[in-house]
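My questions will all concern the structure given below.
Just so you know, these numbers use all the heavy atoms, side chains as well, and skip hydrogens, waters and symmetry mates.
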Amino acid sequence: MAGHVMTLIIMTGSGELYHDAASYINLPSTDGTVGILPGHAPMLCAVAAGTVLCRHEGAEARIEVGSGVAEVRGDVVTLLVQLPSHR
């Protein structure tokens with residue numbers, strides 16, 4: 001799937017926390033970490049508090065999140081999470 005790009009959207013009760021392109025996403029789930037590449041099967045999972053890793057074109061972002069849910073639909077990954085408790 002070279003050349004494919006996903007969109008990562010992280011939302012909290014206060015609004016949008018993060019929105020950017022991604023070629024790889026790693027998120028903390030209640031069952032361990034989940035790696036997501038373009039073309040991933042549709043998925044819904046519980047997100048654990050921790051760090052979401054987003055990579056694209058050699059750049060890397062690490063976003064701290066609280067617990068919530070994640071949905072993968074097409075090439076859009078949406079997280080609805082709480083703000084991390086240490087913020």
Side-chain angles (χ1 to χ4, degrees):
M1 296 266 169
H4 279 62
V5 176
M6 301 175 288
T7 300
L8 172 60
I9 303 167
I10 302 177
M11 299 292 298
T12 70
S14 330
E16 190 173 87
L17 179 65
Y18 187 85
H19 187 152
D20 208 349
S23 54
Y24 174 75
I25 299 165
N26 187 283
L27 59 93
S29 81
T30 54
D31 294 321
T33 60
V34 176
I36 301 167
L37 293 168
H40 195 285
M43 178 181 77
L44 187 63
C45 72
V47 174
T51 304
V52 175
L53 172 66
C54 177
R55 290 186 183 144
H56 185 61
E57 295 182 345
E60 184 173 286
R62 294 177 182 269
I63 307 100
E64 294 296 319
V65 298
S67 61
V69 296
E71 176 190 47
V72 179
R73 181 181 292 184
D75 281 331
V76 178
V77 179
T78 306
L79 278 66
L80 305 172
V81 295
Q82 297 178 346
L83 290 171
S85 59
H86 62 275
R87 269 192 150 197

Could you tell me which residues satisfy side chain to side chain donor-acceptor pair (under 3.5 Å) with Thr51, sequence neighbours excluded, listed by chain and number?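 By the side chain to side chain donor-acceptor pair (under 3.5 Å) rule, Thr51 matches Glu64.
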Got a sec, which residues hit side chain to side chain donor-acceptor pair (under 3.5 Å) with Gln82, two or more places apart in sequence or on another chain?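 Side chain to side chain donor-acceptor pair (under 3.5 Å) check on Gln82 returns nothing, list empty.
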Taking side chain to side chain donor-acceptor pair (under 3.5 Å) as the definition, give me every residue that meets it alongside Tyr18, ordered by chain and number, with sequence neighbours left out.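 For Tyr18 there are no side chain to side chain donor-acceptor pair (under 3.5 Å) partners, ignoring immediate neighbours.
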Give me each pair satisfying side-chain hydrogen bond (donor to acceptor under 3.5 Å, both in side chains) with a member in residues 65-78, each pair once, sequence neighbours excluded.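 Residue pairs with at least one partner in residues 65-78: Glu71-Arg73.
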Tell me, please, which residues at least two apart from Ala59 pass side chain to side chain contact (heavy atoms under 4.5 Å, CB included).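 Result, side chain to side chain contact (heavy atoms under 4.5 Å, CB included) vs Ala59: none returned.
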Partners of Glu60 by side chain to side chain contact (heavy atoms under 4.5 Å, CB included), sequence neighbours excluded?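 Residues passing side chain to side chain contact (heavy atoms under 4.5 Å, CB included) with Glu60: Leu53, Arg55, Arg62.
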Quick check: closest heavy atoms across Cys45 and Ser29, and the distance to 0.1 Å?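 In this case the closest contact between Cys45 and Ser29 is SG-CB, 4.3 Å.
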Summary of side-chain hydrogen bond (donor to acceptor under 3.5 Å, both in side chains) pairs that have at least one residue in residues 35-44, sequence neighbours excluded: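 Every candidate side-chain hydrogen bond (donor to acceptor under 3.5 Å, both in side chains) pair involving residues 35-44 fails, so no pair, neighbours aside, qualifies.
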Under 3.5 Å, which donor-acceptor pairs do the side chains of residues 30-37 form with other protein atoms, sequence neighbours left out?
none

Nearest 0.5 Å, please: how far is CG in Leu79 from CG in Leu27?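 CG of Leu79 is found 5.5 Å from CG of Leu27.
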Could you list the residues that satisfy salt bridge (charged side-chain N to carboxylate O under 4.0 Å, His left out) with Glu16, not counting sequence neighbours?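 Scan of Glu16 (salt bridge (charged side-chain N to carboxylate O under 4.0 Å, His left out), adjacent residues dropped) gives none.
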Are Asp20 and Leu8 packed together at the side-chain level, in the sense that at least one heavy-atom pair is separated by less than 4.5 angstrom?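 SC-SC contact between Asp20 and Leu8 ruled out.
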Give the other cluster members for Met11, using side-chain heavy-atom distances under 4.5 Å between Ile, Leu, Val, Met, Phe, Trp and Tyr residues; answer none if it is isolated.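 ILVMFWY cluster around Met11 also holds Ile9, Val69, Val76, Leu80.
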From the options Val47, Leu83, Thr12, select the one residue that forms a side chain to side chain contact (heavy atoms under 4.5 Å, CB included) with Val65.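 Answer after filtering Val47, Leu83, Thr12: Val47.
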Once side chain to side chain donor-acceptor pair (under 3.5 Å) is applied, do any residues pair with Asn26, and if so which ones, sequence neighbours excluded?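 Asn26 satisfies side chain to side chain donor-acceptor pair (under 3.5 Å) with Tyr24 only.
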Could you tell me which non-hydrogen atom of Val52 sits nearest to which non-hydrogen atom of Pro28, and how far apart they are?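 Between these two residues, the closest heavy atoms are CG2-CD, 4.0 Å.
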Please report the closest heavy-atom contact between Ser23 and Pro38, naming both atoms and the distance.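 Between these two residues, the closest heavy atoms are O-CD, 3.3 Å.
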